[in-house]
**Student:** 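Input: one structure, supplied below.
Below, chain A is the first sequence line, B the second, and so on; all start at residue 1.
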Amino acid sequence: MTIRDIIECIDGKILTSECDMEQNVEYGYACDLLSHVMAKCSPNSVWITVQTHLNVVAVASLVDIACIIIPESIDVEKETLDRAEKEGITIISTGLNTFEICGRLYDMGISPCP
Amino acid sequence: MEYTYNVEAGNYALAGEASSSIKALLKKLGISGDIVRRMAIAAYEAEMNIVIHSKGGCLILKISPEELILISEDRGPGIPDIDLAMKEGYSTAPDEAREMGFGAGMGLSNMKRCADEFNIKSTVGIGTKVQIKIYLK
Ligand SMILES: Nc1ncnc2c1ncn2[C@@H]1O[C@H](COP(=O)(O)OP(=O)(O)OP(=O)(O)O)[C@@H](O)[C@H]1O
Ligand SMILES: [Mg+2]
């Protein structure tokens, strides 16, 4: 699955510029507690969270997360987007809620992090 | 080789910079991806504990052909009951940290899980020192 497929699947919109739409994504994880994400999220995964501050990018970058999805059209701070662009992490926004996003991605073949 | 990274208490905007530098350095040295990842996770948890729970401190990274050593040292309140602090789910993180998604009470156990050796010493009213080793061989 690519980031392009994911965006299509969840009616998403890319918030970061210069992202690699063909980047491969295999796994998914949804959680708003950062230490859980550090412990459980695999490389090349998509992470769904309502957190939008700078530390989200630090966590994603440290564990090589490919892409972050922000549900319910929640606003994302400009500093967060700037940092994500610098780190090469894609941030996607969608009007769907976390439950709906997970359901759609699961159906599409994104697996839970091993 | 030895590298020191200062970590400021309470500065959430800067938080993660020390661990990012450590990760970038280890990658540049050609250390295997799995080990880089384990050290990055441990360093981030240590860094965030200094930011959230202490009055400031530093991370020290020591690199030898045999092993990586990470030392996290801070001035601060210290930890009165280390067994309790090590329990997953136990946290005294303040509300401002919890609102940002910290305070799951998983950081110290994440560090231990990523390490081949884990040591923690703390003196109430003085500070906390955590040392981990990751073997390269
Ligand atoms: N450097 C430190 N100085 C003082 N107390 C600390 C320090 N590190 C940890 N503690 C204490 O140990 C508890 C558990 O730490 P741990 O890192 O496991 O969880 P947390 O920081 O509360 O939450 P999380 O790491 O999941 O965001 C902390 O809530 C705090 O009470
Ligand atoms: Mg912690």
Side-chain angles (χ1 to χ4, degrees), chain A residues 23-27 29-66 68-72 74-89 91 97-98 101 113-114, chain B residues 7 10-27 32-49 51-53 59 70 85-91 93 96-115:
Chain A
Q23 195 178 347
N24 188 45
V25 178
E26 282 178 74
Y27 307 110
Y29 192 72
C31 187
D32 302 316
L33 293 175
L34 304 184
S35 285
H36 278 264
V37 179
M38 294 298 281
K40 307 278 172 59
C41 204
S42 316
N44 301 324
S45 49
V46 50
W47 170 27
I48 302 142
T49 179
V50 297
Q51 300 286 356
T52 58
H53 50 81
L54 270 179
N55 298 82
V56 168
V57 180
V59 167
S61 147
L62 285 167
V63 295
D64 300 314
I65 287 168
I68 300 169
I69 300 175
I70 310 289
E72 302 185 39
I74 294 168
D75 283 337
V76 182
E77 290 89 327
K78 172 140 192 331
E79 306 88 75
T80 305
L81 298 176
D82 290 346
R83 180 77 66 90
E85 281 168 13
K86 233 174 71 192
E87 302 280 344
I89 293 162
I91 300 187
N97 69 32
T98 298
I101 297 166
C113 291
Chain B
V7 181
N11 192 337
Y12 290 90
L14 274 183
E17 295 220 329
S19 346
S20 296
S21 307
I22 288 174
K23 184 184 181 191
L25 173 67
L26 296 178
K27 244 175 148 175
S32 89
D34 171 59
I35 289 178
V36 173
R37 182 183 160 82
R38 281 159 60 201
M39 184 51 93
I41 293 172
Y44 185 72
E45 295 292 5
E47 184 175 0
M48 289 319 306
N49 280 353
V51 172
I52 296 170
H53 305 295
L59 299 184
L70 180 79
M86 289 299 303
K87 260 180 71 178
E88 290 195 355
Y90 176 81
S91 175
E96 54 160 2
R98 286 178 198 265
E99 279 162 19
M100 297 176 78
F102 299 105
M106 296 266 293
L108 290 173
S109 54
N110 273 356
M111 287 183 76
K112 189 171 181 183
R113 193 176 38 83
C114 288

**Student:** Give the minimum heavy-atom separation between B/A15 and A/A58, together with the two atoms involved.
**Tutor:**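 Of all heavy-atom pairs spanning B/A15 and A/A58, the closest is O-CB, 4.4 Å.
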**Student:** What distance separates B/K23 NZ from A/S61 OG, expressed to the nearest 0.5 Å?
**Tutor:**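 Reported value, rounded in 0.5 Å steps: 5.0 Å.
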**Student:** Of the backbone (N, CA, C, O) and the side chain (C-beta and beyond), which part of B/E99 lies under 4.5 Å from a heavy atom of chain A, both, or neither?
**Tutor:**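 Backbone of B/E99 only, per the 4.5 Å heavy-atom cut-off to chain A.
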**Student:** Provide the closest heavy-atom pair for B/M106 versus A/A39 in the form atom of the first, atom of the second, distance.
**Tutor:**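 Closest approach of B/M106 to A/A39, heavy atoms only: CE-CB, 4.1 Å.
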**Student:** Might you point out which heavy atoms bring A/S35 and B/G107 nearest each other, and give the distance in Å?
**Tutor:**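 Taking A/S35 first and B/G107 second, the nearest heavy atoms are OG-N, 3.9 Å.
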**Student:** Where on A/N55 is there a heavy atom nearer than 4.5 Å to chain B: the side chain, the backbone, both, or neither?
**Tutor:**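 Looking at A/N55, backbone and side chain both touch chain B.
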**Student:** Can you tell me which of B/G103, B/A43, B/A104 forms the most heavy-atom pairs within a distance under 4.5 Å of chain A?
**Tutor:**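 Option with the greatest count: B/A104.
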**Student:** How close do A/S42 and B/R37 get, counting heavy atoms only, and between which atoms?
**Tutor:**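 Closest heavy-atom pair between A/S42 and B/R37: CA-NH2, 4.0 Å.
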**Student:** Atom OH in B/Y44, atom CE in A/M38: separation rounded to 0.5 Å?
**Tutor:**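 Spacing of OH (B/Y44) from CE (A/M38) equals 6.5 Å.
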**Student:** Which heavy atom in A/L62 sits nearest to a heavy atom in B/S19, and how many Å separate them?
**Tutor:**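 Scanning both residues, the minimum pair turns out to be CD2-O, 3.8 Å.
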**Student:** Testing the basics here: between A/L54 and B/A13, what is the closest heavy-atom pair and its distance to 0.1 Å?
**Tutor:**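 Here A/L54 and B/A13 meet closest at CD1-O, 3.7 Å.
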**Student:** What's the separation between atom CD in B/E45 and atom CG in A/L34, rounded to the nearest 0.5 Å?
**Tutor:**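 The CD atom of B/E45 sits 8.5 Å away from the CG atom of A/L34.
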**Student:** Drop me the distance from B/M100's CE to A/L33's CG, to the nearest 0.5 angstrom.
**Tutor:**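 Answer rounded to 0.5 Å: 13.0 Å.
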**Student:** More than 12 non-hydrogen atoms from neighbouring residues, nucleotides or ligands closer than 6.0 Å to CG on A/D75, yes or no?
**Tutor:**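 Atom CG in A/D75 is not packed in, count stays at 12 or less.
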